[in-house]
Amino acid sequence: METRIPVGVLGATGMVGQHFVKFLQNHPWFELVWLAASDRSAGKPYLEATAWRLNGVMPSSVERKKVEECKPGNGAPRLVFSAMDASVATEIEREFAQAGHVVVSNSRNHRMEPDVPLLIPEVNPDHLKIIPLQQRRRGWKGQIATNPNCSTIVLAMALAPLKQFGIRRVVATTMQAISGAGYPGVASMDINANVIPFIGSEEEKMQQETQKILGDFTGDSIQPLAAKVSAHCNRVPVVDGHMVATSVELERKPTLAEMIQAMDSFRSVPQQRNLPSAPEHPVQYMEAQDRPQPRRDAERDRGMAVYVGRLRECPALDYKFIALGHNTIRGAAGAAVLNAELMYSEGLLD
Ligand SMILES: NC(=O)c1ccc[n+]([C@@H]2O[C@H](COP(=O)([O-])OP(=O)(O)OC[C@H]3O[C@@H](n4cnc5c(N)ncnc54)[C@H](OP(=O)(O)O)[C@@H]3O)[C@@H](O)[C@H]2O)c1
């Protein structure tokens with residue numbers, strides 16, 4: 001691409017915003033030109049407004065960039081990624097879409113609205129077809145697309161290759177990293193050598209979002225998958241990488257080999273179109289009996305693939321396995337950037 005597409009980040013000073021800044025460095029299609037945050041940060045250079053919490057130093061290209069207010073027309077480019085605090089994202093994202101911006105959001109606020117795609121490019125790229133309806137209904141020149149919650153995306157990617165066998169029931173138990181709670185997150189006195197068996201609203205999100213993601217676009221709506229999904233969500237003392245212990249009941253029971261073949265051979269539109277952030281193999285089966293593990297495997301493939309292991313018969317449902325994904329990359333910034341790449345390849349950024 002000769003001229004890269006200018007992009008901005010709403011909520012650029014926060015944890016997920018920093019992941020966007022890092023992930024977008026040297027992106028072949030997108031050039032990060034605009035950063036915005038609350039009025040506490042607006043007007044300051046990014047270096048001064050941001051307490052950089054990621055490994056490695058803040059990229060020098062953003063250090064001196066002035067942080068803007070999260071207001072449309074403020075020099076904001078057409079494509080903006082959103083990593084804003086959920087308490088303000090609903091209205092601000094709507095204002096941007098109304099003003100003609102393409103908002104690719106990581107926040108939960110609009111995910112379950114019926115005319116908003118809850119997108120995983122490998123799993124439901126056709127859900128983007130709801131966008132013209134969204135624009136007509138709301139009278140928007142712009143649009144909003146969202147990515148799933150960080151644990152949902154791991155489960156939905158692991159289940160997607162199994163959809164062909166007819167998914168009836170799913171029981172998923174998470175072991176979620178502390179980075180998923182943002183900064184400062186969970187107090188060290190609570191999480192060290194401990195497990196916290198509660199993450200507010202997470203179970204409901206996992207259950208509903210999985211059904212929507214694996215649902216079908218019918219021409220004018222997204223029909224959720226009829227499968228029952230039950231989630232137990234736990235916070236564990238792991239830095240990065242959410243694990244999901246999953247049992248699944250299927251309509252047509254494949255062999256173990258067919259299940260592994262379905263996962264390993266799973267490819268979709270991002271791989272066919274060679275989208276820059278797409279992993280070559282989005283779901284990878286690991287044969288070793290003690291893998292995947294967060295510390296060893298979450299960062300493989302730039303944190304963009306989901307790893308599955310320990311597939312075996314389940315005495316209660318049909319099969320059980322463990323799935324792992326990087327929560328702040330595939331579960332947040334990387335997911336949104338891949339969404340935008342898919343949208344560009346569909347002509348939605350023209
Ligand atoms: N942390 C994760 O792993 C994770 C994963 C998936 C999804 N999410 C979602 O991603 C979003 C961001 O999470 P986070 O952990 O990055 O939060 P965070 O670190 O608290 O950052 C929040 C961002 O929102 C900005 N903000 C706050 N109030 C604002 C206002 N009134 N107007 C405009 N901007 C405002 C903040 O700017 P200032 O610095 O100026 O206050 C900051 O840039 C949330 O919706 C969260 O649920 C987080």
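Read the numbers this way: they start at 1 and go in the same order the structure lists the ligands and their atoms.
- The single protein non-hydrogen atom nearest to atom 44 (C) of ligand 1 is Met84 O, 3.4 Å, given as residue, atom name and distance.
- Looking from atom 19 (O) of ligand 1 to the surrounding protein, the closest heavy atom is Met15 N, 2.9 Å.
- The ligand atoms of ligand 1 that sit less than 4.0 angstrom from a heavy atom of Gly180 are 1 (N), 2 (C), 3 (O).
- Of the protein's non-hydrogen atoms, the one nearest atom 22 (C) of ligand 1 is Asp85 N, 3.8 Å.
- Side-chain N/O atoms of Ser82 and Glu93 include a donor and acceptor closer than 3.5 Å.
- The atoms of ligand 1 that sit less than 4.0 Å from any heavy atom of Ala86 are 45 (O).
- No hydrogens or angles considered: nothing links the side chains of Gln176 and Asn327 as a donor-acceptor pair under 3.5 Å.
- Looking at Val88, Asp240, Leu10, Val16, it is Val16 that brings a heavy atom closest to atom 4 (C) of ligand 1.
- Checking Ile329, Ile92, Asn327 against atom 32 (N) of ligand 1, the nearest heavy atom belongs to Ile92.
- A cation-pi contact, defined as under 6.0 Å to the ring centre and within 45° of the axis, links Arg302 to Phe23.
- At least one N or O atom of Gly14 sits closer than 3.5 Å to an N or O atom of ligand 1.
- By the neighbour-count criterion of 12 heavy atoms within 6.0 Å, atom OH of Tyr344 is sparsely surrounded, having that number or fewer from other residues, nucleotides or ligands.
- For ligand 1, the atoms closer than 4.0 angstrom to any heavy atom of Thr13 are 36 (C), 37 (O), 38 (P), 39 (O), 40 (O), 42 (C), 43 (O).
- Using a cut-off of 4.0 Å between Lys/Arg side-chain N and Asp/Glu carboxylate O, Lys163 and Asp216 are scored as salt-bridged.
- No donor-acceptor distance shorter than 3.5 angstrom exists from the side chain of Asn234 to the backbone of Met175, with no hydrogens or angles considered.
- An N or O contact shorter than 3.5 Å is missing between Tyr183 and ligand 1 by distance.
- Atom numbering of ligand 1 starts at 1 in the shown order; those under 4.0 Å from a heavy atom of Gly182 are 1 (N), 15 (O).
- Residues Phe20 and Leu32 are not in side-chain contact: their nearest non-hydrogen atoms beyond the backbone lie 4.5 Å or more apart.
- In terms of polar-atom proximity, defined here as any N/O pair under 3.5 Å, Ser38 does make such a contact with ligand 1.
- Looking only at protein heavy atoms, the nearest one to atom 8 (N) of ligand 1 is Asn106 ND2, 3.4 Å.
- With salt bridges taken as basic N to acidic carboxylate O contacts below 4.0 Å, one links Arg94 and Glu91.
- For the pairing with Asp301, the side-chain contact (heavy atoms from CB on, under 4.5 Å) check across His326, Gln284, Arg330, His281 returns one residue only, Gln284.
- Every atom of ligand 1 with a heavy atom of Ser41 under 4.0 Å away is listed here by number and element: 38 (P), 39 (O), 40 (O).
- Checking atom 46 (C) of ligand 1 against the protein gives no heavy-atom contact under 4.0 Å.
- At a heavy-atom distance under 4.0 Å, only side-chain atoms of Thr328, from C-beta outward, approach ligand 1.
- Closest protein heavy atom to atom 41 (O) of ligand 1: Arg40 NH2, 2.7 Å.
- Contact atoms of ligand 1 toward Ser107: 11 (C), 45 (O) (distance under 4.0 Å to a heavy atom of the residue).
- Residues Glu202 and Ser151 bring a donor and an acceptor atom of their side chains to less than 3.5 Å of each other.
- Using a cutoff of 4.0 Å between basic side-chain nitrogens and carboxylate oxygens, Asp115 and Arg138 are scored as salt-bridged.
- Checked by distance only, ligand 1 and Asn109 stay at 3.5 Å or farther apart across all their nitrogen or oxygen atoms.
- At under 3.5 Å, a nitrogen or oxygen of Gly11, whether backbone or side chain, sits near a nitrogen or oxygen of ligand 1.
- Looking from atom 23 (C) of ligand 1 to the surrounding protein, the closest heavy atom is Ala83 O, 3.7 Å.
- The aromatic rings of Trp29 and His27 sit perpendicular to each other, their planes meeting at more than 60°, with 30° as the lower class boundary.
- The existence of a salt bridge linking Lys129 and Asp126 is excluded, since no basic side-chain nitrogen approaches an acidic carboxylate oxygen closer than 4.0 Å.
- Contacts between Ser179 and ligand 1 below 4.0 angstrom, taking non-hydrogen atoms only, involve the backbone exclusively.
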